[in-house]
There are 2 protein chains.
Amino acid sequence: MQTIGKLSKTTGVKVPTIRYYEEVGLLPEAERSTGNQRLYGSATTDRLSFIRHARDLGFTLEAIRDLLSLSDTPDQSCAAADQIAKAQLVAVRDRLARLRALEIELERMIAQCAQGTIADCRVIKVLGNHDLCGHEHSQKDQAVQ
Amino acid sequence: MQTIGKLSKTTGVKVPTIRYYEEVGLLPEAERSTGNQRLYGSATTDRLSFIRHARDLGFTLEAIRDLLSLSDTPDQSCAAADQIAKAQLVAVRDRLARLRALEIELERMIAQCAQGTIADCRVIKVLGNHDLCGHEHSQKDQAVQ
DNA sequence: CTTGAACCTCTAGTTGCTAGAGACATTAAG
DNA sequence: CTTAATGTCTCTAGCAACTAGAGGTTCAAG
């Protein structure tokens with residue numbers, strides 16, 4: 001059992017953010033000490049690290065809720081879990097493709113820089129390239145995120 | 001020359017968001033028609049697509065500002081550009097590693113689902129794994145994003 | 001048993017949009 | 001050439017996901 005401060009340090013999630021996640025239901029309500037302070041077991045560390053990474057990768061709290069539900073209700077219908085997993089997989093692959101393109105371009109720029117010039121920066125072109133992302137740029141699509 | 005609505009459609013960025021980006025300086029102030037409506041050339045399409053993708057990949061507007069500065073000021077010192085590019089490259093690679101791990105896990109789950117069970121979901125473990133991300137989980141680090 | 005760090009709740013502010021009101025501009029149809 | 005529909009304008013307000021601060025309580029080291 002650890003306090004919220006310890007949990008914050010091990011996961012890198014700020015203390016108020018942890019309380020916020022509890023408030024919005026991403027974390028279960030914590031046990032309390034006799035003096036009303038939150039106490040956490042090690043399972044929360046994993047869960048919170050997961051949330052942190054997923055947020056950092058650009059997933060919304062809603063998407064994260066979906067992903068967590070895969071873990072939380074292992075006995076739910078496979079069809080439902082499958083649908084969630086597949087939708088998220090599409091989103092993940094899409095991001096991978098674009099990140100790879102950006103990686104290559106940054107590498108190119110750094111290499112060019114070593115030769116003393118960055119006159120032809122194509123960093124904008126790279127992510128502007130439609131072919132790299134498998135989806136349309138529609139309003140609907142944007143909302144999904 | 002296209003109107004803001006057309007630009008919105010081709011890039012998938014909502015009209016008010018485009019105006020917002022202009023307001024915060026990510027887009028230059030647009031030319032205006034005689035009737036005071038914004039008009040955009042094709043360069044803005046690329047720039048806006050870039051911003052959209054970068055946002056979607058989880059970069060902050062500040063990080064995007066940095067990346068755009070590589071394009072905007074090709075005559076700036078190579079050392080500065082190099083530093084920005086290298087920092088962003090580290091961030092990009094970090095994300096790639098974690099996204100790949102998540103991809104693999106989602107694939108595994110979907111495969112397992114095809115066999116009728118998802119009893120052992122390890123989706124949380126995957127992103128909770130410290131070894132996959134090259135950075136410490138410190139407050140400072142979190143602020144950088 | 002005290003004192004200073006860590007914790008509590010609650011309210012308010014920040015970032016990055018997003019939606020709505022009310023007014024002007026543009027376009028296409030009659 | 002008018003008029004209706006659609007698009008755009010500015011401005012204000014709201015939402016998501018935090019983040020910081022005030023004012024008070026708890027804990028744990030000395």
Going by number, which of residues 22-33 of chain B have a non-hydrogen atom under 4.0 Å from DNA chain D? R32(B)
Hey, is the side chain of T34(B) poking within less than 4.0 Å of OP1 or OP2 on dA25(C), counting only N and O atoms? no
Identify, with sequence neighbours excluded, every residue that meets side-chain hydrogen bond (donor to acceptor under 3.5 Å, both in side chains) alongside E31(A). none
Tabulate atom names and distances for all N/O pairs under 3.5 angstrom spanning the protein and nucleotides 14-16 of chain D.
none

Using a 4.0 Å heavy-atom cut-off, does R19(A) contact any base of the nucleic acid, only the sugar-phosphate backbone, or nothing at all? base
According to side-chain hydrogen bond (donor to acceptor under 3.5 Å, both in side chains), who are the partners of S33(A), at least two apart in sequence or on a separate chain? none
Listed nucleotide nearest any side-chain atom of N36(A), set dC18(D), dT9(C), dT8(D): dT9(C)
Cluster companions of M1(A) among Ile, Leu, Val, Met, Phe, Trp, Tyr (side-chain spacing under 4.5 Å): L39(A)
Answer yes if the side chains of Q2(B) and T45(B) hold a donor-acceptor pair under 3.5 Å, and no otherwise. yes
E62(B) or Q37(B), whichever maps to the more 5' nucleotide of DNA chain C: E62(B)
Holding to side-chain hydrogen bond (donor to acceptor under 3.5 Å, both in side chains), I want the full list of residues that pass it with S42(A), two or more places apart in sequence or in another chain. none
Name all residues meeting the salt bridge (charged side-chain N to carboxylate O under 4.0 Å, His left out) criterion together with R65(A); count only those two or more places apart in sequence or in a different chain, and write none if there are none. E62(A)
For nucleotides 11-13 of chain C, which of its nitrogen or oxygen atoms have a protein nitrogen or oxygen under 3.5 Å away, and what is each distance?
none

Applying side-chain contact (heavy atoms from CB on, under 4.5 Å), name anything that partners Y21(A), two or more places apart in sequence or on another chain. V13(A), T17(A), L26(A), L27(A), L48(A), I51(A), R55(A), L61(A)
Below 4.0 angstrom from OP1 or OP2 of dC7(C), is there any side-chain N or O of R38(A)? no
Taking only residues two or more places apart in sequence or in another chain, which ones pass side-chain hydrogen bond (donor to acceptor under 3.5 Å, both in side chains) with E103(A)? R93(B)
If each end axis of the helix from dC1(C)-dG30(D) to dG30(C)-dC1(D) is fitted on five C1' pair positions, the angle between them, to 10 degrees, is 10°
